[in-house]
2 protein chains.
Amino acid sequence: MRGLHADTGYLLYRLGLRSGQLFNAFLQESGLRLRHYAVLRFLATTEGSLQRELSARLGYDPSAIVGLVDDLEKLGFAERRPAPDDRRSRIVVLTENGRAFLRDTDEAGRRVTNELLGPLDPAGREALHALLLRIAEDGLS
Amino acid sequence: MRGLHADTGYLLYRLGLRSGQLFNAFLQESGLRLRHYAVLRFLATTEGSLQRELSARLGYDPSAIVGLVDDLEKLGFAERRPAPDDRRSRIVVLTENGRAFLRDTDEAGRRVTNELLGPLDPAGREALHALLLRIAEDGLS
DNA sequence: GAGCAATAATTGGTGACGTCAATAGTTGTT
DNA sequence: AACAACTATTGACGTCACCAATTATTGCTC
């Protein structure tokens, strides 16, 4: 009989949970949650994105994007702009406040990752990241 | 500005989600979910365990354990027995049916893991598992 | 150019899940 | 004998993933 942690998939599941919890705890003081942060980080790479695009790239349901962008707009971190070529679409862009927030929290985010990856040396972290990326590319954005 | 997948913690979070979804899909036909499966697998390693112990080792809230063991009892995969030395405690043990279920689904579980780790060669999987184990030992059971 | 399928954002509902507070029964301690 | 600590349990609340339906708009097609 295989042990509890003999399965890589199960390990991933459990560690993913813990990772999400750590991130959410760190974001709590900002009034945001992990999902908001993911949207912000994605917006920072795109110079404006359709909500449909956010949904596809982040893997969140379109209906989830609505509320997330709502919250970010309320905080002044992002805003919806009409798409010039398609009036169905909204283009979500990062505001200057949003950019500042990302700058301010960047270091704290790193601390969280450090805590999570505690027992790993730099080489181990590098290796882990590379392996996860290879899995993620197969299905995730 | 760091990219979306530049952060190992976030990657872990997203892949953990996907892993959980895959496992749940595979378990759906059995009427169980991932959490039940985790309990069964843990029970298979212990020859009887207090609910309190299940909670601590699996990281689920004590109140969650109640429902999980209820379900497993209904399916005949586990049963509660009174603890001889402490009448507050119940000892949860795997039944023969539960053991058979684990045997039957073991191979299907491996298939799920294979799907998840698709792009990785055996050496990569081995390395990933070792790295995850080292992280897991620091906090998880 | 009128009708129609497809699409973007949105709303609403359902079930799983993590978390916390409270309770009943039991144990150990003082 | 009284009281703090502990086990299992119940209940409530908010978040989240998932799915169906709706509105406004676009592009296709006949």
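Worth knowing before you read on, the calculation uses all heavy atoms, side chains too, and leaves out hydrogens, waters and symmetry mates. Numbered from 1 within each chain, the chains take letters A, B, ... in sequence-line order.
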What integer distance in Å separates [X]:[atom1] from [N]:[atom2]?
{"X": "Arg81(B)", "N": "dA8(D)", "atom1": "CZ", "atom2": "P", "answer": "16 Å"}
{"X": "Glu73(B)", "N": "dA8(D)", "atom1": "CD", "atom2": "C1'", "answer": "13 Å"}
{"X": "Arg18(B)", "N": "dC16(D)", "atom1": "CZ", "atom2": "C1'", "answer": "19 Å"}

Compare side-chain N and O positions of Arg87(B) against OP1 and OP2 of dT27(C) and report whether any pair is under 4.0 Å apart. yes
What residues, two or more places apart in sequence or in another chain, satisfy salt bridge (Lys or Arg N to Asp or Glu O under 4.0 Å) together with Asp61(B)?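 Partners of Asp61(B) under the salt bridge (Lys or Arg N to Asp or Glu O under 4.0 Å) test: none.
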Taking Glu73(A) first and then Arg81(A), would you say they form a salt bridge - that is, a charged N and a carboxylate O separated by under 4.0 Å? no
Given a cutoff of under 4.5 Å between side-chain heavy atoms of I, L, V, M, F, W and Y, with clusters grown through shared members, what are the other residues clustered with Val66(B)?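 Grouped by the 4.5 Å side-chain rule, Val66(B) forms a cluster of one, so the answer is none.
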Tell me who clusters with Val93(A), hydrophobic residues only, linked when side chains sit under 4.5 Å apart either directly or through other members. Leu50(A), Ile91(A)
For Arg87(B), all residues meeting side-chain hydrogen bond (donor to acceptor under 3.5 Å, both in side chains), sequence neighbours excluded: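 Not a single residue meets the side-chain hydrogen bond (donor to acceptor under 3.5 Å, both in side chains) criterion with Arg87(B).
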Summary of protein contacts for nucleotides 7-17 of chain C, nucleotide by nucleotide, where a base hit scores B, a sugar-phosphate-only hit scores S (4.0 Å, heavy atoms): BSSBBB---SS
For Phe77(B), ring pair (Phe, Tyr, Trp, His ring centres under 6.0 Å) partners two or more places apart: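 In terms of ring pair (Phe, Tyr, Trp, His ring centres under 6.0 Å), with neighbours along the sequence ignored, Phe77(B) is linked to Phe101(B).
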